[in-house]
Number of protein chains: 2
Amino acid sequence: MKHRSAPKSVTLRDIAAALGISRTTVSNAFNRPDQLSPELRDRVMAMAKAMNYPGPNPMGRMLRTGETGTIGLVFSESLSYAFSDPVAIAFLQGVASVCERAQASLLIVPTFMPGVVQASVGEAAQATIRQAAVDGFILYSQPFNNESIDQVMERKLPIVAVDCPYLKGVSSVKIDDRQAAYEAAAHLIRFQHQYIAILCTELGTDQYEGPVDRQRMEQADYANALERLRGYHDALQEAGFDLNQIPIEERLNREDHGFLATLHLLQQHPRPTGILAMTDRLAVGAIRAAETLGLHVPSDVSIVGFDDIPLASQVNPRLTTIRQPAVEKGRLAAELLLHYTGKTICHVLPTELVVRESTGPAPIINSETE
Amino acid sequence: MKHRSAPKSVTLRDIAAALGISRTTVSNAFNRPDQLSPELRDRVMAMAKAMNYPGPNPMGRMLRTGETGTIGLVFSESLSYAFSDPVAIAFLQGVASVCERAQASLLIVPTFMPGVVQASVGEAAQATIRQAAVDGFILYSQPFNNESIDQVMERKLPIVAVDCPYLKGVSSVKIDDRQAAYEAAAHLIRFQHQYIAILCTELGTDQYEGPVDRQRMEQADYANALERLRGYHDALQEAGFDLNQIPIEERLNREDHGFLATLHLLQQHPRPTGILAMTDRLAVGAIRAAETLGLHVPSDVSIVGFDDIPLASQVNPRLTTIRQPAVEKGRLAAELLLHYTGKTICHVLPTELVVRESTGPAPIINSETE
DNA sequence: TTGAAAGCGCTAACAA
DNA sequence: TTGTTAGCGCTTTCAA
């Protein structure tokens, strides 16, 4: 893309000169048609076309006005992942719909360098964030202590943080993950499930997959995941469960990973009769795993998801889950940024337990001794 | 977003002055750390931090260098729709993955003004496209003769067109929609279906929904849809069908619209035993409609989709469809733009008929006379 | 290793 | 209605 369409591109000045008028007038012809006579405007536009003028250079304009008409969006993790995650996409849809109405462009800023050592990831993020020509940033689902956040903060532009750890003086949009997860767990508990397992999304940025212990929880990077885990624990503890007996499997948020993790969980003794999946994607994998083992959902295993993605109601059996307003999150974040006042505003959006067919009463277990 | 963090923001010059050094050196401290002594660099960075300097202003830099490090992406239609369309999302994922690797940002340029009269839509697109600070554009799935294309062409920047009508001198990525659709129809014909109906996506930009006749086809705005329709017709005609007897229903590309259209089609006489759906979303709706009418897929009705979106293989029965490489389209388009040479390159990517369980032999019809 | 000078292309006050 | 003036903040030769 080093290409340059002409050796020396034509500018406002050139067309002004060609017409023997001032640059202002040409500028006005493009930006304020009402500021000059229609005939003159027509002449200007005709000359522009004749000279192959590509219109006022946006960089010049931005530098001059100090505004870009653009919102920057920073995801954690890789964009390939973000654009395969139904929740992130719903969020994006919300952001985009507001941008569209406001005629604002949306700049997706990559901060993740695929196949690069951890150390230089920061450098990469630094460069793209520093060079983003935007009027403000939306930060989506960032882990604790990561360089993208710092980098964005340094830009001293308006910021709205979505599903992020608390940032001083930054407006935010989120849900109460802990409370929502509590509801999910309480739902299973109400059905008398005695053996409950947890399917957990990534807690750290280290690509670890496997069981989660106390220590791992304490070192968690992702506030969301941790909060959901805590919500599950709150409910379980309250109901008298021994938390040490509750298996937790941490996996990448993908159906196939949920599938494998559940295969593993369902072969434990005692076999869980209830599974708390931290996302619907994991839950969908879990349903498939149960099927694969010849277990019926919900009569052998109950599964409850989280998010209420479209797939949740298309799968069979349809998934009991926690609905969170992902599109609305995006809309609100964009609106907050577009109408930025400098005031720090925190929105906590409501969630809702949606009961469908993937959960039911615990089966009667034969040997209570096991 | 009129907010300005400081009355007068601090610039390179300020920090140079404070340190009694030149602007060049400060610039180098940020952009070419190797061009100055580490101690000086540290001093510069410390002062920058102390003075709350947000880093070199991207607009200044862009204006100076003439490069933005950004790719512009222009969808037709509304972004809300684009981000709910699995095919567009897959495409976006492909684009994003390449951008990420190349450390390029991705600017989503809205060209659609929701709730605005047709006339001024052009104006809206004009403004956002003209003001996009990008090094090149990807044009996605544009209808014929629309203003966005003209506007983008006027920018005289590198362009890659994806699923667009032919544009002189513009590189493109596409599939052979006509041939692919031909395969889909041929598949049903091989199964001896006598009564075939077509579920068609929007041909025009006028929000029309209903039957499609010759005239509507001739006035089509969307090349894709038209090509697929032609492909179906090619196969049907070749097999001796009377095209006038083949019902075509044009609908928005959404499951619920496919559902309603199919409800309608399946209540015709003679009832179609095969349905050619121009997208998987329509096809999924069609499956539901058949179910709703108590018809079995595929023994009563065969349904073949197009696209092979993820849902196609998750639905029951799994959908027979045409696979198209949507992610690959995005990757290729981004790569073509990033490595732009000025040469016009056209890629036609392969498609493939994927036979699953939604199609089968035509049922035996009782009355041949009907 | 550092600095001076020049200007990227534009728009907004203000003046005519 | 049109023009003059004055930078916006930066980077990049080139010279010291």
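Below, read A as the first sequence line, B as the second, and so on, with proteins coming before strands; counting in each chain starts at 1.
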Whole-Å distance, Ile21(A) CD1 to dT4(D) P, equals 11 Å
When rounded to whole Å, the CD to P distance for the pair Glu67(B) and dG9(C) reads 14 Å
_Pairwise side-chain contact, Ser148(A) with Leu139(A), heavy-atom cut-off 4.5 Å (strictly under)_ = no
(request) Please assess Asp85(A) against Phe75(A) for the test side-chain contact (heavy atoms from CB on, under 4.5 Å), listing each intermediate value before the final yes or no. (result) CA-CA 12 Å; Asp85(A) 176 18; Phe75(A) 288 103; over 6 Å; no
Ile15(A) CD1 to dT11(C) P, in whole Å, measures 12 Å
Atom CD of Gln131(A) and atom P of dG9(D) are separated, to the nearest Å, by 18 Å
Closest to the side chain of Leu63(A), out of dG3(D), dC8(D), dA4(C), is dC8(D)
Verify the contact: side-chain N or O of Ser37(A) to OP1 or OP2 of dT1(D), cut-off strictly under 4.0 Å; return yes or no. no
Rounding to 0.5 Å, atoms CD1 (Ile89(B)) and CG (Leu92(B)) come to a distance of 7.5 Å
The side chain to side chain donor-acceptor pair (under 3.5 Å) partners of Gln131(B) (sequence neighbours excluded) come to none
When rounded to whole Å, the CZ to P distance for the pair Phe30(A) and dC10(C) reads 9 Å
Scan the side chains in residues 158-172 of chain B for donor-acceptor partners under 3.5 Å anywhere in the protein, sequence neighbours excluded, and list what turns up.
| residue | atom | partner | partner atom | Å |
| --- | --- | --- | --- | --- |
| Asp163(B) | OD1 | Lys329(B) | NZ | 3.1 |
| Asp163(B) | OD2 | Lys329(B) | NZ | 2.6 |
| Ser171(B) | OG | Lys343(B) | O | 3.3 |
| Ser171(B) | OG | Ile345(B) | N | 2.9 |

At 4.0 Å (heavy atoms only), tell me whether Leu36(B) reaches a base, stays on the sugar-phosphate, or touches nothing. sugar-phosphate
_Donor-acceptor under 3.5 Å (Arg41(B) side chain, Ala29(B) main chain)_ = yes
Expected string for nucleotides 10-16 of chain D under the B/S/- scheme (protein heavy atoms, under 4.0 Å, primed atoms plus P, OP1, OP2 as sugar-phosphate) is BBB----
